[in-house]
Number of protein chains: 2
Amino acid sequence: MNYDEAKIKFVSTWGSLGSLWGINKAMAQIQALLFISTKPLSMEDIMEDLQISRGNTSMNLRQLMDWGIVTKEIIPGERKEYFTTEKDVQELARVIAKERSRREIQPVIKVLKEVSSIKDDGTEATKELIKQTKALHDLTETADDMINKLVNQKQNWITKSLLKLIK
Amino acid sequence: MNYDEAKIKFVSTWGSLGSLWGINKAMAQIQALLFISTKPLSMEDIMEDLQISRGNTSMNLRQLMDWGIVTKEIIPGERKEYFTTEKDVQELARVIAKERSRREIQPVIKVLKEVSSIKDDGTEATKELIKQTKALHDLTETADDMINKLVNQKQNWITKSLLKLIK
DNA sequence: TTAAACTTTCAATAATAATTGAAAGTTTAT
DNA sequence: ATAAACTTTCAATTATTATTGAAAGTTTAA
């Protein structure tokens with residue numbers, strides 16, 4: 001397998017994996033492309049490489065910036081905008097986990113809390129609904145806490161680094 | 001919020017959450033319905049409650065059984081087949097995590113390993129591709145190991161319980 | 001063996017989501 | 001102020017995925 005084959009394989013695999021972290025194919029592929037690029041890429045570069053339209057590229061780059069994993073890079077003397085992605089896999093994982101928690105897990109926790117808090121009317125069905133949604137609520141919250149622990153761990157790491165600089 | 005409202009809210013929320021664990025809406029809703037039911041449900045029951053077709057119900061029940069979270073229940077004297085889901089949230093979480101690992105994470109790890117193992121031709125682009133996919137491979141493998149640790153923890157718990165029974 | 005009761009399959013259809021491309025919008029240079 | 005270079009928006013189109021429903025298949029009872 002040479003460079004071009006490997007690159008195509010990586011980008012398309014990462015793209016089809018998009019569903020795992022809740023984003024679409026083009027979005028995941030753009031991120032993958034930037035992830036292995038040695039320099040910032042322009043919209044033109046991305047369109048050409050992935051063979052997708054300008055509109056698609058623009059919209060998905062915006063979403064990636066919303067997620068906080070892609071940033072605009074201004075290159076002096078250049079009219080075009082250039083883009084780069086977070087290159088540290090650990091940080092990438094943290095951002096993705098945090099965003100998924102905020103966008104998808106938190107709303108579910110809210111509903112589970114509401115549902116598990118209904119008044120117990122004494123029927124077996126209500127008791128079961130309360131019991132099971134409560135169990136699900138606790139589980140989901142625990143899982144989410146674990147994610148937040150990881151995020152905060154990063155926070156600590158940054159804090160430590162900053163403290164070292166100050167000292 | 002009364003029982004019926006709460007039930008509808010839970011089932012539909014859990015359904016829309018399906019994407020988070022990689023299954024479709026109907027499948028997630030069927031599981032949700034069984035999860036809060038006090039007794040096994042027939043295909044008829046499910047169809048009526050969720051207002052979905054017989055075919056859809058049949059196919060999704062099968063998938064849930066493939067995942068190992070729903071089982072057929074034979075009720076003596078009854079012609080119909082009845083279904084129940086795993087009621088323990090911890091076990092449910094383990095099964096889902098394990099299946100997702102097997103179906104989605106493992107194949108990606110394989111590709112990442114292949115791509116990161118291409119011959120270094122000395123170019124900057126190739127070096128970057130190798131470096132970044134290697135980092136991603138290590139990260140993904142570590143995350144997957146954590147999932148397996150949880151699964152094995154359950155194994156240990158079962159083993160312990162069995163040992164207690166034997167003693 | 002037949003028929004009733006039930007389940008599965010799958011081609012057709014419907015619903016949803018992604019993508020395009022061209023017009024409108026913005027920024028920069030002159 | 002104008003035009004060139006570039007980006008964004010969004011209605012229309014295309015691709016993908018989910019759902020239906022009726023025919024075929026299976027099991028059980030008599």
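Residue numbers start from 1 in every chain, and the chains themselves are labelled A, B, ... in the order their sequence lines are given, proteins ahead of strands.
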> Round to a whole Å and report the spacing from CD1 of Ile74(A) to P of dC6(D).
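Checked: the CD1 to P distance equals 13 Å.
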
> Between atom CD in Glu81(B) and atom P in dT7(C), what is the gap in whole Å?
5 Å

> Can you tell me the distance, in whole Å, between the CZ atom of Phe83(B) and the C1' atom of dC6(C)?
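In whole Å, dC6(C) C1' lies 11 Å from Phe83(B) CZ.
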
> Would you say Ile118(B) and Leu129(B) make side-chain contact, with heavy atoms under 4.5 Å?
yes

> Measure the spacing between CD of Glu141(A) and CG of Leu112(A) and express it to the nearest 0.5 Å.
9.5 Å

> Rounded to the nearest 0.5 Å, what's the gap from CD on Glu86(B) to CD1 on Ile69(B)? Could you check?
9.0 Å

> Is the side chain of Gln132(A) donor-acceptor paired with the backbone N or O of Lys87(B) at a distance under 3.5 Å, no angle test?
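Such a contact is found between Gln132(A) side chain and Lys87(B) backbone.
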
> Do NZ/NE/NH1/NH2 and the carboxylate oxygens of Lys7(B) and Asp49(B) come within less than 4.0 Å?
yes

> Which parts of residues 47-60 of chain A get close to DNA chain D, meaning a heavy atom less than 4.0 angstrom away?
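The stretch gives Arg54(A), Gly55(A), Ser58(A), Met59(A) as the residues lying under 4.0 Å from the strand, ordered by number.
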
> Rounding to a whole Å, what distance do you find between Glu78(B):CD and dT27(D):C1'?
15 Å

> Find the distance Leu61(B):CG to dT8(C):C1' and express it as a whole number of Å.
12 Å

> What is the distance, rounded to the nearest whole Å, between atom CD1 of Ile23(B) and atom P of dT17(D)?
16 Å

> Both Met65(A) and Lys25(B) contact DNA chain D. Which one's nearest nucleotide lies toward the 5' end?
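By nearest-heavy-atom nucleotide position, the 5'-most residue is Met65(A).
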
> Is the shortest side-chain heavy-atom distance between Met65(A) and Phe83(A) below 4.5 Å?
yes

> Among residues 26-46 of chain B, which ones have heavy-atom contacts with DNA chain D below 4.0 Å?
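Residues of residues 26-46 of chain B under 4.0 Å from DNA chain D: Ala26(B).
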
> Give the intermediate values and the outcome of side chain to side chain contact (heavy atoms under 4.5 Å, CB included) for residues Phe35(B) and Val89(B).
CA-CA 9 Å; Phe35(B) 190 68; Val89(B) 288; 3.5 Å; yes

> Mind calculating the distance between CG (Asn24(B)) and C1' (dT16(D)) to the nearest angstrom?
13 Å

> Taking atom CZ of Arg62(A) as the centre, does the number of heavy atoms from other residues, nucleotides or ligands within less than 6.0 Å exceed 12?
no

> For the backbone of Lys9(B) and the side chain of Thr13(B), can you confirm whether one donor and one acceptor N or O come within less than 3.5 Å of each other?
yes

> Separation of Lys80(A) atom NZ from dT8(D) atom P, in whole Å?
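To the nearest whole Å, that distance equals 14 Å.
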
